[in-house]
Amino acid sequence: MRFRMPFRTVPVLVAAIAAGTFFLSPASDFFDLAFYDAVATASVKNDARDENVPPYSKIVLVTVDDATVERYGNQAFWTRTRYRQLLDRLELESPKAVYFDYFFSEKTKPETVDWDLLAEVGNLGEDFLDDLFSAYDRALKSKNFISEIDYDFARAIKRYGNVFLPALIRRDVVPSETVTAPLEIFTRHARIGFANSFPDSDGVERRVKLWWEGMDSVAALLAREISPELSFVGNDDVMVRFASTPYGETFAKIPFEFAYNGRMETDEGVPVSLSGAVVIVGDYSENSWDLHAVPTGDGALMSGMEVIAHAVRSLSEKDFLVPYGKDIVALSALSAFVLVTLAFFPGGSVLAASILSAFVFVLPFVFAWKGYGVGVWFPPSSAAFAVLSAALSGWYVVYRSNRAEKDRIRKMFSRYVDPSVVEVLTKGGTAPNPEGELREVSVLFADVEGFTTASESLSPTESVARLNVLFSKVNSAIFATRWAINKYIGDAVMAYWGAPVFYPDHASSACDAALLMLDSTASDAQSGLALRIGIATGEVLVGNVGDERFSDFTVMGDRVNFASRLEGLTRKYGARILVSEKTSVAASKTHVFREIDRVRVKGKTVPERIFELLGDRKSTKEETRKNAKRFARALALYRRGDFESAGREFRFLSESGDPIAGAFVVRMAEWNGKPPEGFDGTYFFDSK
């Protein structure tokens with residue numbers, strides 16, 4: 001037995017694989033991070049609208065800017081005396097803590113040669129000048145050698161008591177980890193935290209790790225200086241909420257040169273209070289190597305010292321974001337995928353499923369946006385892509401199902417109707433249930449009067465050929481309207497309007513087709529082949545009749561039978577087109593009718609009014625309209641039983657060429673000019 005996968009399974013499975021692949025791929029990170037940056041930048045721009053917001057007073061930056069470098073030279077050639085002197089100046093301003101964003105891991109080289117030290121270490125011989133350089137290096141690396149400059153800086157750190165210095169944990173060194181840390185003489189009295197950065201896959205710094213390899217980060221240590229009650233239990237890293245762009249003014253900045261000389265003010269001369277603040281000293285020059293991409297940068301870079309300042313502010317104010325784990329993101333994406341997939345299941349509304357898909361697609365982005373404001377970061381792209389994948393698979397299934405349905409409709413109706421009608425059905429026309437359903441339609445029967453007599457003088461081949469010519473004209477008339485031919489019955493045609501494609505003016509279409517039939521077969525009528533037409537409008541059963549091998553799509557019901565009876569009654573009255581009362585009412589805005597009688601046909605107990613179609617409202621002559629009014633007066637007299645007066649009117653119309661009026665003259669003559677007993681104006685036809 002051959003296994004066949006259900007139709008819906010393949011696209012849903014492909015969509016699920018695509019969603020899972022996207023979740024695991026770098027593409028999801030790319031879109032998530034791009035959206036995070038957009039939200040962060042928008043948030044910063046909203047906060048920046050108020051230009052009167054003062055700088056964050058709990059953190060002050062002492063910047064080695066371009067003006068400082070121009071005056072004192074490159075930092076690489078500074079001695080630690082300058083940092084010690086700066087610390088002395090800062091101590092007078094009573095800051096809470098001072099952080100130097102420099103590693104201070106190398107010993108200071110002495111300005112003069114220590115010959116005694118060299119004698120101890122160097123073993124210098126006759127080639128003194130050749131050995132001097134290597135000996136000097138060995139001397140500097142000696143644990144016993146510490147420059148007085150370094151001693152002075154260490155004593156200043158000890159005296160101040162709350163100085164922070166960075167370390168760098170290196171995991172890229174084989175075979176073991178290496179920590180680049182300040183000299184031991186500094187670490188005895190300074191507090192050390194790692195200053196490693198942890199950029200995301202796109203190189204942008206958005207997060208700060210709080211502890212790593214048993215060491216706290218500088219940002220966590222400084223944040224606790226501002227807010228001692230801080231606890232980061234349960235979070236080893238968080239996402240920093242940057243409060244400005246690289247060109248923002250979140251923090252007051254004092255040029256190093258100003259602070260070194262005791263001027264605690266900004267470039268613009270605005271005084272800055274350091275009392276109780278955390279002071280961060282670092283490189284802020286344009287040619288600095290310590291520049292970083294940040295989410296609010298839009299391509300611009302931010303100095304490392306300012307990145308640390310934003311991290312400290314974010315942590316100390318509890319203004320950071322906790323990212324959801326991958327497991328929560330995966331569960332959300334899976335839930336969204338299942339929800340949208342179920343929405344497209346058979347029996348559901350495609351429009352409702354599409355609206356739900358759009359809502360669920362936008363929801364992760366809304367949640368991420370709102371979450372950013374309350375300190376939670378939810379990566380939205382995986383869930384959104386899962387929704388998109390599920391929706392695409394759903395739409396594909398709907399498309400395939402619609403194609404299959406269109407093929408079914410085309411196969412079903414191509415045998416019965418014109419291809420243009422099939423196209424309407426396959427493009428969204430409402431087709432009836434092939435099993436059968438009630439529809440209001442207009443049914444037409446047309447019969448060729450005199451064909452049987454004419455065919456007696458012709459061979460079978462000639463009879464069929466002549467009938468085909470006549471039917472081609474009839475078909476052309478029907479084709480000119482919205483139509484459906486049901487069947488040929490010998491020399492008669494049955495057609496109906498309003499199915500399989502329903503439209504409200506089907507009665508008018510049937511009347512148009514009847515008039516076109518008479519016009520197109522006028523020459524045939526003169527040669528003895530005249531059409532007689534009956535039209536009835538009403539509710540019938542529409543559907544397939546037969547079995548899987550042989551079936552016919554048709555209409556059945558009382559109105560079908562009555563249309564056939566009306567076609568037969570045309571011979572009784574000498575009329576060309578007779579219609580039911582409902583047809584005349586439904587088409588009254590477009591066509592002209594006259595009531596000709598109230599009849600009860602064989603097999604019916606309820607009498608019905610029948611009408612003659614005179615023409616459409618645009619082309620019907622005024623004389624025809626006047627005669628119709630005169631006929632109506634005669635009919636009223638007839639129904640009252642005033643046969644004498646009615647007879648004069650009917651005879652006048654009959655002599656004017658009205659065959660229906662002549663039929664009434666004959667009928668009243670058969671009754672000897674008097675109404676029969678129980679006469680109520682209804683005429684009973686006891687034969688078909």
Side-chain angles (χ1 to χ4, degrees), residues 412-425 429 431-432 438-449 451 467-521 524-525 529-545 551-570 575-580 582-584 586-587 590-591 611 613 616:
M412 180 191 303
F413 290 105
S414 60
R415 294 177 293 164
Y416 316 130
V417 298
D418 181 75
S420 62
V421 176
V422 177
E423 287 305 310
V424 173
L425 289 171
L438 292 176
R439 281 275 184 95
E440 182 182 273
V441 301
S442 293
V443 183
L444 177 150
F445 276 85
D447 185 50
V448 183
E449 184 180 25
F451 179 77
L467 188 61
N468 285 340
V469 171
L470 181 64
F471 276 167
S472 68
K473 298 176 182 179
V474 172
N475 290 343
S476 296
I478 297 174
F479 294 169
T481 61
R482 289 175 286 187
W483 63 278
I485 293 180
N486 186 31
K487 63 183 68 175
Y488 296 98
I489 310 169
D491 58 356
V493 177
M494 174 185 172
Y496 51 88
W497 288 258
V501 178
F502 176 78
Y503 49 94
D505 56 341
H506 50 79
S508 294
S509 295
C511 292
D512 284 337
L515 294 173
L516 286 173
M517 288 180 195
L518 295 186
D519 288 342
S520 61
T521 60
D524 299 278
L529 299 180
L531 284 180
R532 303 292 182 181
I533 301 171
I535 303 173
T537 299
E539 197 171 68
V540 299
L541 182 65
V542 181
N544 268 339
V545 174
S551 64
D552 192 13
F553 189 84
T554 187
V555 292
M556 296 171 289
D558 176 71
R559 293 297 88 185
V560 179
N561 296 332
F562 192 58
S564 177
R565 296 292 179 84
L566 288 173
E567 183 273 320
L569 289 179
T570 57
R576 301 295 296 277
I577 306 173
L578 292 182
V579 304
S580 68
K582 192 166 186 178
T583 303
S584 69
T590 55
H591 294 80
F611 296 75
L613 173 60
D616 61 56

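Taking the side chain as every heavy atom from C-beta outward, Ile478 and Met517 approach each other to under 4.5 Å. Leu444 places a side-chain heavy atom less than 4.5 Å from the side chain of Trp497. Residues Ile577 and Leu515 form a side-chain contact, since some pair of their non-hydrogen atoms from C-beta on lies under 4.5 Å apart. Contact of the Arg439 side chain with the Val555 side chain is not registered, since no non-hydrogen atoms from C-beta on lie closer than 4.5 Å.
For Thr590, the side chain to side chain donor-acceptor pair (under 3.5 Å) partners at least two apart in sequence or on another chain are Ser508. For His506, the side chain to side chain donor-acceptor pair (under 3.5 Å) partners are Glu440, Ser442, not counting sequence neighbours. Annotation: salt bridge (Lys or Arg N to Asp or Glu O under 4.0 Å) contacts of Asp512 (sequence neighbours excluded): none. With sequence neighbours excluded, the residues satisfying side chain to side chain contact (heavy atoms under 4.5 Å, CB included) with Ser564 are Phe445. For Asp558, the salt bridge (Lys or Arg N to Asp or Glu O under 4.0 Å) partners are Lys604, not counting sequence neighbours. Residues passing the side chain to side chain contact (heavy atoms under 4.5 Å, CB included) test with Leu516 are Ala477, Ala480, sequence neighbours excluded. Applying the side chain to side chain contact (heavy atoms under 4.5 Å, CB included) rule to Asn561 yields no partners; only residues at least two apart in sequence or on another chain are considered. Take Leu470 and apply the side chain to side chain contact (heavy atoms under 4.5 Å, CB included) test, not counting sequence neighbours, and it matches Val448, Thr521, Asp524.
The closest donor-acceptor contact from the side chain of Thr583 to the backbone of Thr537 lies under 3.5 Å.
Here the closest non-hydrogen pair linking Arg559 and Gly538 is CG-CA, 3.6 Å. The two residues Leu566 and Val579 come nearest to each other via the heavy atoms CD1-C, 3.7 Å. Contact detail for Arg576 and Leu518: the closest heavy-atom pair is NH2-CD2, 3.4 Å. Smallest separation of non-hydrogen atoms from Ile535 and Ala514: CD1-CB, 3.9 Å. The minimum heavy-atom distance between Asp447 and Ala492, with the atom names listed, is OD1-CB, 3.6 Å. The heavy-atom pair separating Ala575 from Leu578 by the smallest distance is CB-CD2, 3.8 Å.
The salt bridge (Lys or Arg N to Asp or Glu O under 4.0 Å) contacts involving residues 532-541 comprise Glu449-Arg532, where partners must be two or more places apart or lie in separate chains.
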